[in-house]
Amino acid sequence: MSKWRKVTSIALAAVMAFSLTACGTGKQAAEAPKTENKQATEQPAEKVKLIYARGKDVTGATEKIVEAFEKKYPNIDVEFREMPADTGQSHDQYVTMFSAKSSEIDVFDLDVIWPAEFAQAGYLLPLDRFIEKDQIDMSKYIKGAVEAGNYNGQQWTMPKFIDTGLLYYRKDIVKQPPKTWDELIAQARQYKGKGGTQFGYLMQAKQYEGLVCNFVEFNAAYGGKILDENGNVVINNPNSIKALKKMMEIVKSDIVPRNITTFTELESHTAFIEGQAPFIRNWPYMYALAQDKTQSKVVDKVAIAPLPAGDAGSAATLGGWMTGINKYTKHPKEAWEFVKFMTGPEGQKITAIYGGSAPTLLPVYDDPEVQKASPLFANKDFINGVSAAVPRPSSPIYPKISEIIQIEVSKALAGQQTAEQAVQNMEKKMKEAIGK
């Protein structure tokens with residue numbers, strides 16, 4: 001997805017790339033942050049040039065990373081190649097390039113929903129041997145971000161930065177944020193109309209990718225699954241039915257706007273920063289908007305918390321970006337060194353401070369310089385929220401899976417079918433699409 005890309009304001013918020021494609025400018029300093037290198041590094045015998053591709057970066061963080069890497073590895077030069085800001089266009093250009101077995105680029109960033117597709121197509125170099133050789137502790141990364149890059153039992157990408165769903169609430173109205181979805185419903189009804197609000201809760205319920213993200217959160221929170229680890233369709237289960245029923249209960253209730261099924265991020269965040277609701281589910285980008293005095297009526301009145309829990313706990317849809325290596329690169333070892341640096345503690349620290357993007361490597365949040373860069377990075381509720389992130393279904397035909405979910409969930413929310421009928425239809429259509 002392209003639209004939820006970072007709208008970053010380093011002094012205010014961490015704002016990440018996802019499907020909003022809204023970008024902002026991060027504050028830059030004269031020098032890159034101090035980092036420590038505790039691992040021994042291997043230097044190539046001859047000078048090697050790598051081409052690194054990613055979407056437009058207006059923050060300057062990419063140049064900082066390249067500069068720091070080249071200082072550490074003087075025998076490796078990295079050239080940054082800017083791809084289109086539109087994620088769909090970038091995706092298509094990569095597919096054209098890799099299907100021709102081009103070695104034109106060596107390292108590139110991927111949206112979290114691409115790894116399975118690219119891995120099955122043979123575009124990515126598997127990273128397991130590199131990870132094992134350098135003893136990278138993957139348990140220190142946010143679990144959902146690691147899982148997004150794993151397909152058929154192999155790790156194809158490293159997690160670079162993360163975006164995830166969060167619960168925002170009016171701290172001038174709400175005493176304690178709800179821990180469960182049932183508590184949210186009760187509080188939304190209790191606080192509706194207080195402090196000038198008109199509604200109790202806001203979300204994204206239009207038929208588009210944002211609806212899938214909301215459904216994935218409910219589904220995971222109640223212990224449901226869409227596909228299993230082998231790619232088999234398992235959505236027709238009691239937990240997924242219960243999850244959809246809870247989502248339907250909220251959408252059909254009086255705590256949300258009557259036209260909530262027309263709401264995307266734009267409509268929902270606009271209503272919230274205008275002071276129309278005490279609660280909203282949205283992405284981290286909205287933190288900066290809520291603090292913007294030129295457009296927000298709730299400045300200094302907003303706090304964040306993990307999304308409410310269902311029977312299986314709290315869950316938030318994973319967004320963000322991964323980094324992988326082109327299978328056809330002529331310099332796999334050097335490419336790995338760059339990927340390891342960029343997604344390791346040094347690179348993620350630079351990305352957090354200068355790019356405003358939330359790290360996937362949990363120890364980075366303990367760094368004082370990272371915490372100083374954004375109040376979100378020092379906020380335990382934010383860290384717990386991103387740690388609860390779960391990936392969307394990992395499938396080489398994800399766009400088709402997404403379309404099926406959008407259609408069937410929308411019909412359920414509109415009252416055109418029951419939750420049971422919706423999951424049965426999703427099961428049938430997904431099996432037909434996958435071919436098993």
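The analysis underlying the following values was restricted to heavy atoms, covering all of them including side chains, and did not include hydrogens, waters or symmetry mates. Everything numeric in this text was worked out from a predicted model, so none of it was measured.
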Between the main-chain N or O of Ile407 and the side-chain N or O of Ser410, is there a donor-acceptor pair closer than 3.5 Å? no

Is a side-chain donor or acceptor of Trp156 paired with a backbone partner of Leu124 at a separation under 3.5 angstrom? no

Work out which heavy atom in Gly144 is nearest to a heavy atom in Leu318; give both atom names and the distance. O-CD2, 3.2 Å

Are the side chains of Met158 and Met138 in touch, meaning some heavy atoms are under 4.5 Å apart? yes

With a 4.5 Å limit on heavy-atom distance, are the side chains of Met286 and Ile280 in contact? yes

Would Lys349 and Glu346 pass as an ion pair if we require N to O under 4.0 Å? no

Minimum heavy-atom separation for Ile350 and Ala68, please, with both atom names. CD1-CB, 3.8 Å

At what distance, to the nearest 0.5 angstrom, does NZ of Lys179 lie from CD of Gln187? 10.0 Å

Check the side chains of Asp137 and Ser139 for a donor-acceptor pair under 3.5 angstrom, ignoring hydrogens and angles. yes

Could you please spell out the steps behind the side-chain hydrogen bond (donor to acceptor under 3.5 Å, both in side chains) verdict for Glu147 and Asn150? CA-CA 5 Å; Glu147 291 177 349; Asn150 195 288; over 6 Å; no

Would you say the side chain of Asn282 lies within less than 4.5 Å of the side chain of Ser268, judging by non-hydrogen atoms? yes

Just by modelled atom types, is the Lys293 backbone N or O under 3.5 Å from a matching donor or acceptor in the Ser296 side chain? no

Salt-bridge test for Glu403 and Lys400: reply yes if a basic N is under 4.0 Å from a carboxylate O, no otherwise. yes

Working to the nearest 0.5 angstrom, can you tell me the gap between Ile255 CD1 and Tyr201 OH? 8.0 Å

Below 4.5 Å, heavy atoms only, C-beta onward: do Gln276 and Phe272 meet side chain to side chain? no

Do the side chain of Asn236 and the main chain of Val423 share a donor and acceptor less than 3.5 angstrom apart? no

Check this for me: does any side-chain nitrogen of one of Lys246 and Glu249 sit under 4.0 Å from a carboxylate oxygen of the other? yes

Exam field: side chain Tyr208 to backbone Gln406, donor-acceptor pair closer than 3.5 Å: no

Quick one: which of Leu127, Leu110, Val107 gives a side chain to side chain contact (heavy atoms under 4.5 Å, CB included) with Thr323? Val107

Residues that Tyr52 engages under ring pair (Phe, Tyr, Trp, His ring centres under 6.0 Å), provided they are two or more places apart: Phe338

After noting the C-alpha distance and the side-chain angles of Met247 and Met203, does the key distance pass the side chain to side chain contact (heavy atoms under 4.5 Å, CB included) rule? CA-CA 11 Å; Met247 190 176 182; Met203 60 186 291; 4.1 Å; yes

Does any pair with a residue in residues 189-198 pass side-chain hydrogen bond (donor to acceptor under 3.5 Å, both in side chains), and if so which ones, sequence neighbours excluded? Arg189-Asp254

Can you find a pair of side-chain heavy atoms, one from Asn326 and one from Ile51, that are under 4.5 Å apart? no

Tabulate below the donor-acceptor pairs under 3.5 Å that side-chain atoms of residues 210-225 make, not counting sequence neighbours, or state none.
| residue | atom | partner | partner atom | Å |
| --- | --- | --- | --- | --- |
| Asn214 | ND2 | Gln204 | O | 3.3 |
| Asn214 | ND2 | Gln204 | OE1 | 3.2 |
| Asn214 | ND2 | Gly210 | O | 2.9 |
| Glu217 | OE1 | Arg281 | NE | 2.9 |
| Glu217 | OE2 | Arg281 | NE | 3.4 |
| Glu217 | OE2 | Arg281 | NH2 | 2.7 |
| Glu217 | OE2 | Thr317 | N | 2.9 |
| Glu217 | OE2 | Thr317 | OG1 | 3.4 |
| Asn219 | OD1 | Ser240 | OG | 2.6 |
| Asn219 | ND2 | Gly224 | O | 3.4 |

Is it true that Lys428 and Glu408 have a side-chain N and a carboxylate O under 4.0 angstrom from each other? no

Begin from the C-alpha positions of Gln348 and Val370 and carry the test side chain to side chain contact (heavy atoms under 4.5 Å, CB included) through to its verdict. CA-CA 9 Å; Gln348 290 211 21; Val370 171; over 6 Å; no

Ring geometry between Phe279 and Tyr169 (parallel below 30°, tilted from 30 to 60°, perpendicular above 60°): tilted

Tell me, do Met430 and Ile405 make a side-chain contact under 4.5 Å, heavy atoms counted? yes

Can Ser394 and Leu227 be said to form a side chain to side chain contact (heavy atoms under 4.5 Å, CB included), step by step? CA-CA 8 Å; Ser394 179; Leu227 304 179; over 6 Å; no

Short side-chain to backbone donor-acceptor contact, Asp106 and Thr329, under 3.5 Å: no

Kindly say whether Val409 contributes a backbone atom to a donor-acceptor pair with the side chain of Gln417 at under 3.5 angstrom? no

For the side chain to side chain contact (heavy atoms under 4.5 Å, CB included) test, which of Lys56, Glu82, Met342, Arg54 pairs with Thr62? Arg54

Lys252 NZ: over 12 foreign heavy atoms closer than 6.0 Å: yes

Criterion salt bridge (Lys or Arg N to Asp or Glu O under 4.0 Å) on Glu432 and Lys429, from CA distance to verdict: CA-CA 5 Å; Glu432 291 174 352; Lys429 292 181 178 180; over 6 Å; no

Apply salt bridge (Lys or Arg N to Asp or Glu O under 4.0 Å) to Glu209 and Arg392, showing your working. CA-CA 11 Å; Glu209 187 65 23; Arg392 281 159 283 173; 3.0 Å; yes

Which residue is it: Phe108, Trp321, Phe98? I am looking for the one with a ring-ring contact (aromatic ring centres under 6.0 Å, His included) to Trp114. Trp321

Any side-chain donor paired with an acceptor under 3.5 Å for Ser90 and Gln93? no

When you compare the side chain of Leu167 with that of Pro178, does any pair of heavy atoms fall below 4.5 Å? yes

Just by modelled atom types, is the Phe382 backbone N or O under 3.5 Å from a matching donor or acceptor in the Asn384 side chain? no

Has Thr360 got a side-chain atom pairing as donor or acceptor with Pro159's backbone, closer than 3.5 angstrom? yes

Does Ile304 form a side chain to side chain contact (heavy atoms under 4.5 Å, CB included) with Leu376? I'd like the steps, not just the answer. CA-CA 9 Å; Ile304 57 172; Leu376 285 184; 3.3 Å; yes

Check: Phe377 and Pro359 side chains under 4.5 Å, non-hydrogen atoms: yes

Cation over ring, Lys327 on Tyr123, under 6.0 Å and within 45°? no

Rounded to the nearest 0.5 Å, how far does CD1 of Ile325 lie from CH2 of Trp336? 7.0 Å

Any side-chain to backbone donor/acceptor pair from Tyr151 onto Ser395? Under 3.5 Å, distance only. no

Can His269 and Tyr168 be said to form a side-chain hydrogen bond (donor to acceptor under 3.5 Å, both in side chains), step by step? CA-CA 10 Å; His269 82 228; Tyr168 290 81; over 6 Å; no

